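None of the values given here were measured: they were computed from a predicted structure. Worth knowing before you read on, the calculation uses all heavy atoms, side chains too, and leaves out hydrogens, waters and symmetry mates. Sequential numbering from 1 along the given sequence is applied to the chain's residues.
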Amino acid sequence: MNGSCLNFDSPIRDAISRIRFAPGSNNLLISSWDSTLRLFDVDKCELRFEAPNGGSGLLDCCFESESVALTANSDGSVIRYDMGVGNSKAIGKHEDLATCIEYSEEKCQLISAGWDKKVKFWDPRSTSSLGCLSSLGMEVESMSLSGLSLMIAHRSSVHLYDLRRLDKSLEAKEYFMDIHIKCVRTNSELEGFIAGSVDGRVALKHVGQSKTDEGLRGVVVTGDNEGYATIWDVIKRRRLLEFPRFPNSVASVACNHRGQLLAVASSYTYQEANEREEHPQIFMHHLDAQQIESNSASSSRKT
């Protein structure tokens, strides 16, 4: 479980905003406030792609395919990168910061959201707009896509949409009356979603009245501004493993497609007054299920 640090010939010069593994490989996509998108081949320990975008910070990134990436930027722009040939083009623009970006394989659509209180849908091949959700009334804090289910978080509420019917929200609830949601995540294994708040709380919520704990499977990984990353058992709602403290805040975490590698971005996030402004770093951990269970059992015996 000991982590190794990825080595860059030129260090990442500003805060990391997001890391994501490729759909079918161990290539890691990295967006940061230094205006540069990077693709790092973890298997070969080498940087495969690096592209500055001209000055605006990158606030989110995602894969369209193994060789194509997308970013949401602080100037509101949405950029598509063909990493195979090394070029990029603007897809569209928000009227304020573009904060979130996702790609739907099922609909072949790019989805972006921002502080202009809009969620926009694009055809990435023609750069034409396919529609817009403009009735949210608040800045989008976080967005998560799983299949045809799109979840949008702002303030203390989460909205659920079906990409086949965007005319109405399937579910829109103010799940958390007293907290500000920072991050919402879901996937095909969750019959609900995980939400993290700005004050460090993590909540698991079911979608629909018929959902039970037995419908939720697997584990989740969380990170905080204190520099800790933790693996949790979703079903039993207990901590399986807490990693030793990282040099700075945990800005983003990502697991590869096989669930064997965990990447942790240790970086200042501009959210805490006492953050250490060291160069951002990314640590790789090999996940061993037996060791995680062993550590969990050992912790349980001590408490």
Side-chain angles (χ1 to χ4, degrees), residues 1-8 12 15-33 36-50 58-72 81 83 99-103 105 142-146 151 182-190 193-196 202 218-225 227-232 234 240-243 246-269 280-289 292:
M1 296 298 296
N2 292 330
S4 59
C5 184
L6 300 186
N7 293 316
F8 296 85
I12 301 172
I16 295 172
S17 57
R18 189 72 182 270
I19 56 175
R20 297 208 202 197
F21 272 108
S25 71
N26 290 334
N27 291 332
L28 187 69
L29 193 65
I30 307 158
S31 60
S32 67
W33 279 88
T36 302
L37 181 70
R38 298 171 175 84
L39 183 70
F40 195 92
D41 187 329
V42 175
D43 292 334
K44 295 183 179 180
C45 296
E46 65 181 24
L47 188 67
R48 295 188 58 185
F49 177 82
E50 185 175 30
L58 310 186
L59 306 190
D60 198 5
C61 64
C62 72
F63 283 95
E64 179 183 323
S65 67
E66 287 283 337
S67 61
V68 177
L70 305 152
T71 63
Y81 300 79
M83 298 180 289
T99 55
C100 308
I101 196 156
E102 296 285 351
Y103 179 75
E105 292 184 2
S142 183
M143 184 169 67
S144 184
L145 178 66
S146 178
M151 285 192 169
K182 176 63 178 175
C183 178
V184 63
R185 293 289 180 266
T186 187
N187 59 40
S188 59
E189 291 189 353
L190 288 175
F193 63 89
I194 301 290
V202 179
V219 299
V220 297
V221 183
T222 63
D224 62 29
N225 284 340
Y228 291 100
T230 306
I231 300 178
W232 304 87
V234 174
L240 294 175
L241 176 68
E242 183 176 85
F243 292 90
F246 290 94
N248 216 320
S249 299
V250 176
S252 183
V253 296
C255 283
N256 71 340
H257 63 292
R258 294 182 177 177
Q260 299 168 335
L261 285 176
L262 173 68
V264 178
S266 174
S267 165
Y268 48 94
T269 60
Q281 297 173 288
I282 298 175
F283 295 88
M284 299 302 307
H285 294 266
H286 289 271
L287 300 180
D288 185 316
I292 291 173

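Partners of E50 under the salt bridge (charged side-chain N to carboxylate O under 4.0 Å, His left out) rule, at least two apart in sequence or in another chain, are R38. Partners of Y228 by ring pair (Phe, Tyr, Trp, His ring centres under 6.0 Å), not counting sequence neighbours: none found. Applying the side-chain contact (heavy atoms from CB on, under 4.5 Å) test to C45 and every residue at least two apart in sequence or in another chain returns nothing. A search for side-chain contact (heavy atoms from CB on, under 4.5 Å) contacts involving T222 returns V202, T230, W232, not counting sequence neighbours. Contacts of Y81 classified as ring pair (Phe, Tyr, Trp, His ring centres under 6.0 Å), with partners at least two apart in sequence or in another chain: none. Legend: residues meeting side-chain hydrogen bond (donor to acceptor under 3.5 Å, both in side chains) with S17, ordered by chain and number and at least two apart, are S31. A search for side-chain contact (heavy atoms from CB on, under 4.5 Å) contacts involving S67 returns S65, not counting sequence neighbours. Residues forming a side-chain contact (heavy atoms from CB on, under 4.5 Å) with D41 (at least two apart in sequence, or on another chain): N27, D43, K44, E46, R48. Annotation: ring pair (Phe, Tyr, Trp, His ring centres under 6.0 Å) contacts of F283 (sequence neighbours excluded): F246.
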Tell me, with the steps shown, if V184 and I194 meet side chain to side chain contact (heavy atoms under 4.5 Å, CB included). CA-CA 6 Å; V184 63; I194 301 290; over 6 Å; no

Chi angles and distances behind the side chain to side chain contact (heavy atoms under 4.5 Å, CB included) call for C61, L29: CA-CA 7 Å; C61 64; L29 193 65; 3.8 Å; yes

Let me see the working for W33 and T269 under side chain to side chain contact (heavy atoms under 4.5 Å, CB included), right down to the final yes or no. CA-CA 10 Å; W33 279 88; T269 60; over 6 Å; no

Please test V68 against M83 for side chain to side chain contact (heavy atoms under 4.5 Å, CB included), starting from the C-alpha separation and ending with a verdict. CA-CA 6 Å; V68 177; M83 298 180 289; 5.9 Å; no

Side-chain donor-acceptor pairs under 3.5 Å in residues 254-265, sequence neighbours left out?
unit_1	atom_1	unit_2	atom_2	d
N256	OD1	G259	N	3.0
N256	OD1	Q260	N	2.8
N256	OD1	L261	N	3.0
N256	ND2	N26	OD1	3.0

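In this structure, I282 and I30 have side chains that are in contact, with non-hydrogen atoms separated by less than 4.5 Å.
Looking only at distances, no side-chain donor or acceptor of S267 sits under 3.5 Å from a matching main-chain atom of A251. A donor-acceptor pair under 3.5 Å is absent between the side-chain atoms of S142 and the main chain of C183, judged by distance alone.
Identified under the salt bridge (charged side-chain N to carboxylate O under 4.0 Å, His left out) test for residues 16-29, with sequence neighbours left out: R18-D60, R20-D60, R20-E102.
Rounded to the nearest 0.5 Å, atoms CD (E105) and CD (E64) are 9.5 Å apart. Here N248 contributes atom CG and Y268 contributes atom OH; the two are 8.5 Å apart, rounded to the nearest 0.5 Å. The CZ atom of F49 lies 6.0 Å from the CG atom of L37; values are rounded to the nearest 0.5 Å. Between atom CZ of residue F21 and atom CG of residue L28 there is a gap of 5.0 Å, rounded to the nearest 0.5 Å. Summarising the geometry, atom CG belonging to L287 is positioned 11.0 Å from atom CG belonging to L240; distances are rounded to the nearest 0.5 Å. Atom CD1 of residue I101 and atom CG of residue L58 lie 10.5 Å apart, to the nearest 0.5 angstrom.
If you check the side chains of S25 and E66, you find a donor sitting under 3.5 Å from an acceptor.
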